[in-house]
Amino acid sequence: MAEQKKDFYITTSIPYVNAAPHIGFALELLEADVVARYHRTRGERVFFLTGTDEHGKKIQEAAEKEGATPQQYADTFSAQFHELGAALGITNDDFIRTSDEQRHIPVVQKVLQQLKSNGDIYKDKYEGRYCTGCEAFLREAEIADDGTCVIHERQPERIYEENYFFRFSKYAREVERMIREDVIRVVPAHRKKEMLNLFSEEGVRDVSISRPSATIPWGIAMPHDDSQTVYVWVDALLNYLSGAGFGTDVFAKRWPADIHIIGKDIARFHTMLWPAMLLALALPPPRAIFIHGHINVEGRKMSKSLGNVVGSDMLLQQFGKDAVRYLLCAEIPSDDDGDFSFARFHERYAADLQNGIGNLVSRVVTVGEKYPDVFGNITLDGAFSEALRTARTTYEEHIGNFQLHHALSAVTRLVKEANKLVDSTKLWELPSSDPAAAVRVMHDLAGVLFVVAELCAPFMPDTAEKIRGALGVGASETAGRYVVFTKPAQPLFPRLAP
RNA sequence: AGCGGGGUGGAGCAGUCUGGUAGCUCGACGGUCUCAUAAGCCGUAGGUCGCGGGUUCAAAUCCCGCCCCCGCAACCA
């Protein structure tokens, strides 16, 4: 009997389907994909989940405006996110939609029923001040001294609603402890600090988790009470359970999630409400929550109102899939906000990919191919230099800390060193002047290229294959393997039109 | 107001915890090879490390005060 080791379970957030995908979510998908691929190369079985969040008032209104049903509307956009994944080469194992009537909706109802039976959900009056300009309940900070809405300067309506509440207060302290003690690892550290502060600030009041169905019909009904619709956040968070097969036999080998990858905007739901819900369900909390930043565009926030949202299609067309994967991961710090600019992307494409990795492969392989008599016995058997071992260790440390941009700079450093080696030894002269030295140098260079391929693989899978192809080796085989230099038909990273 | 992050050569960053030649990438300028995608390599210029004070033999780094930028609203990853 083979021991049933748990899958490495990784998720992205599920984007709301009210707009076409932009590079921000593309990056989140990429970060998750890189981590997923990295774990697979280490021999782990990975379950990588993404999907779409489809309920709520905004979808309903948008659909009405277009004369479609909410489901049709959601279908259209959900498909776009699905296609985005395909275009980026994302290797998710599953795709969950919150409108899924077989897989998701029953799970939500089952979970809420359980919370209700346990007494963690109760019904109460909710009193709020609702601004018809905002179309939302106002928070304290949004109410001016005279009681008007600070944005619309009008008196909000007082609304009394019956809502279901979740006893967040009962679990908050325990969640806080788990975060503080890294039972739930919140990364990066500055986000952890930020989140811990929230527990003391807003405190630990119970959370309203339903709205009247009359107001929000497009959603999931509360169990045994279809006058109430489940709050979209509760609905959305539960995708991590429904997508992992909650209630079926596969669930046990997936839960808990090893890592949720999310944006800073939704950090509080994931660090506060979500673990509390899990505790209430007697399920272990996620092991890690990685919070990435947002992408600014040419120095400004990317937003619909500013009209500067960058889509990923255009990028893919300009640079190609692997390059986009590299550029986004290298240029935007994975643990903080970053800035996107076309000029920067072109610079980096030229420097790191075209003149860096691509050109190195080209020049080394050309020489190798030209002198088959001299380089016929080059092998990859393990005699990797100190530099290679250091590069790999550094890379692994950075991936472990979700600093993907730093992991990639370990690769570019390696490429630089290899270029220096080619020049300082005058590799191209060696086969005739000093064949023994030529073999030694080429052996090192082949080793570098092989490791470059290995380290690039999670980020640029096709490129990694091309590099291995140029060496005539496969991904897994190294020991005693003879290198057969074969210059690629096309440059790895062609020069771009200016 | 409070909380968090940041202010280092033209641009983007590392270094700050564990004081002691200020480093990397891109860009600019000059040189050089010719295996390579007119790529590579070498070199040069360019920094009062936000400001003021303090501790110290010595501070980008530690302490105090101050200034400026960003986030903690919304659309939204």
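Residue pairs meeting the side chain to side chain donor-acceptor pair (under 3.5 Å) criterion with at least one member in residues 365-377 of chain A, sequence neighbours excluded: A:T366-A:K487. Among pairs with a residue in residues 351-368 of chain A, those fulfilling salt bridge (charged side-chain N to carboxylate O under 4.0 Å, His left out) read A:R348-A:D352, A:R363-A:D423, at least two apart in sequence or across chains. Applying the ring-ring contact (aromatic ring centres under 6.0 Å, His included) definition to pairs two or more places apart or across chains, those involving residues 388-419 of chain A are A:F290-A:F402, A:H398-A:H406. Identified under the salt bridge (charged side-chain N to carboxylate O under 4.0 Å, His left out) test for residues 78-96 of chain A, with sequence neighbours left out: A:R40-A:D93, A:D94-A:R103.
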Item to check | Canonical and wobble pairing (Watson-Crick, G-U, under 3.5 Å) of RNA chain B, dot-bracket with | | outcome: .(((((((.[[[[.)....(..]]]].(((((.......))))).....[[[[[..)....]]]]])))))).....

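Every residue meeting the ring pair (Phe, Tyr, Trp, His ring centres under 6.0 Å) condition with A:H39, not counting sequence neighbours, appears here in chain and number order: A:F8. For A:S78, the side-chain contact (heavy atoms from CB on, under 4.5 Å) test picks out A:V17, A:T52, A:E54, A:F95, A:R97, with sequence neighbours left out. Every side-chain contact (heavy atoms from CB on, under 4.5 Å) that A:V232 has, sequence neighbours left out, goes to A:H55. For A:K420, the side-chain contact (heavy atoms from CB on, under 4.5 Å) test picks out no residue, with sequence neighbours left out.
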Collect all protein-nucleotide pairs involving nucleotides 29-35 of chain B in which both atoms are nitrogen or oxygen and the distance is under 3.5 Å.
| from | atom 1 | to | atom 2 | distance (Å) |
| --- | --- | --- | --- | --- |
| B:C35 | O2' | A:R363 | O | 3.4 |
| B:C35 | O2 | A:R363 | NE | 3.1 |
| B:C35 | N3 | A:R363 | NE | 3.4 |
| B:C35 | N3 | A:R363 | NH2 | 2.6 |
| B:C35 | N4 | A:R363 | NH2 | 3.2 |

At a cut-off of 3.5 Å, list every protein nitrogen or oxygen paired with a nitrogen or oxygen from nucleotides 23-27 of chain B, distance to 0.1 Å.
| from | atom 1 | to | atom 2 | distance (Å) |
| --- | --- | --- | --- | --- |
| B:C26 | O2' | A:E347 | OE1 | 2.8 |

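Put simply, A:N18 has no side-chain N or O that comes within less than 4.0 Å of OP1 or OP2 on B:C75.
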May I have the list of side-chain donor-acceptor pairs in residues 458-470 of chain A shorter than 3.5 Å, sequence neighbours left out?
| from | atom 1 | to | atom 2 | distance (Å) |
| --- | --- | --- | --- | --- |
| A:D462 | OD2 | A:K321 | NZ | 3.1 |
| A:T463 | OG1 | A:D322 | OD2 | 2.8 |
| A:E465 | OE2 | A:R468 | NH1 | 3.1 |

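Across all strands, A:G356 comes closer than 4.0 Å to no nucleic acid atom at all (heavy-atom distances).
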